[in-house]
Amino acid sequence: MNVAVYVAFTQGADVPVIDSVRGAGGTILLLGIMGGCALSAASESEGLYLRLAGALGVIALVAGLAGVILASELALAVLFYATIALWLAATVRHALAGPRVEAMK
């Protein structure tokens with residue numbers, strides 16, 4: 001969904017809300033928060049992945065807020081690419097992780 005929002009914005013689509021930097025940034029930020037934070041499971045990962053995801057998350061949040069507050073196209077691009085990098089990192093982590101076995105209680 002974020003890709004569709006960003007592409008529509010960069011192509012100059014006349015779509016309500018995402019036809020401005022603030023609207024597109026707010027939409028991507030909201031979708032990222034809902035998809036990445038609110039809907040994610042608690043992580044049992046360690047080390048490198050947590051540091052990478054944490055750093056990318058902070059970059060995305062700061063860029064998203066800057067994009068919305070300052071109407072900065074550069075900040076919007078940083079938000080978009082940081083979100084894509086987070087998705088890629090999570091996908092690689094899921095692909096490399098073995099099956100998760102939960103103990104019966």
Side-chain angles (χ1 to χ4, degrees):
M1 191 65 162
N2 286 359
V3 173
V5 170
Y6 188 70
V7 168
F9 171 77
T10 58
Q11 296 301 310
D14 187 21
V15 179
V17 179
I18 61 172
D19 60 349
S20 70
V21 174
R22 287 188 170 113
T27 302
I28 292 173
L29 187 59
L30 181 63
L31 289 170
I33 289 170
M34 293 305 297
C37 298
L39 299 178
S40 67
S43 176
E44 295 178 10
S45 299
E46 68 280 326
L48 179 62
Y49 174 74
L50 284 181
R51 288 191 298 273
L52 175 66
L56 287 171
V58 168
I59 290 168
L61 179 61
V62 169
L65 292 174
V68 170
I69 294 168
L70 303 173
S72 167
E73 287 190 31
L74 176 61
L76 176 61
V78 170
L79 168 62
F80 174 72
Y81 288 110
T83 302
I84 295 301
L86 277 166
W87 286 346
L88 179 62
T91 300
V92 168
R93 181 185 65 125
H94 290 303
L96 297 178
R100 191 169 165 181
V101 178
E102 294 186 26
M104 294 185 65
K105 295 181 182 181

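All values below come from the heavy atoms of this structure, side chains included, with hydrogens, waters and symmetry mates left out.
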Over all atoms of both residues, closest heavy-atom pair of Ser72 and Ala75: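 Here Ser72 and Ala75 meet closest at OG-N, 3.1 Å.
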Any donor-acceptor pair under 3.5 Å from Arg22 side chain to Gly67 backbone: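 No; judged by distance alone, with no hydrogens or angles, the pair does not exist.
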Criterion side chain to side chain contact (heavy atoms under 4.5 Å, CB included) on Phe80 and Val3, from CA distance to verdict: CA-CA 8 Å; Phe80 174 72; Val3 173; 4.0 Å; yes
Side-chain heavy atoms of Val15 within contact of Phe9, under 4.5 Å: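 Side chain of Val15 against side chain of Phe9, heavy atoms only: no contact under 4.5 Å found.
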Heavy-atom side-chain contact between Asn2 and Trp87 under 4.5 Å: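 Counting from C-beta outward, Asn2 and Trp87 do come under 4.5 Å.
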Option among Thr10, Val78, Val21 that satisfies the side-chain contact (heavy atoms from CB on, under 4.5 Å) test with Glu73: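 Filter result, single survivor: Val21.
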For Leu65, the option from Leu61, Val68, Val62 that meets side-chain contact (heavy atoms from CB on, under 4.5 Å):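 Only one of Leu61, Val68, Val62 forms a side-chain contact (heavy atoms from CB on, under 4.5 Å) with Leu65, namely Leu61.
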Taking [Y] as the starting point, is it possible to reach [X] by hopping between hydrophobic residues whose side chains are less than 4.5 Å apart?
{"X": "Leu86", "Y": "Leu50", "value": "no"}
{"X": "Leu79", "Y": "Leu52", "value": "no"}
{"X": "Ile84", "Y": "Tyr6", "value": "yes"}
{"X": "Leu74", "Y": "Val7", "value": "no"}

Pairs of donor and acceptor atoms involving the side chains of residues 24-34, under 3.5 Å and at least two apart or interchain, shall be tabulated with distances.
{"unit_1": "Thr27", "atom_1": "OG1", "unit_2": "Gly23", "atom_2": "O", "d": "2.7"}

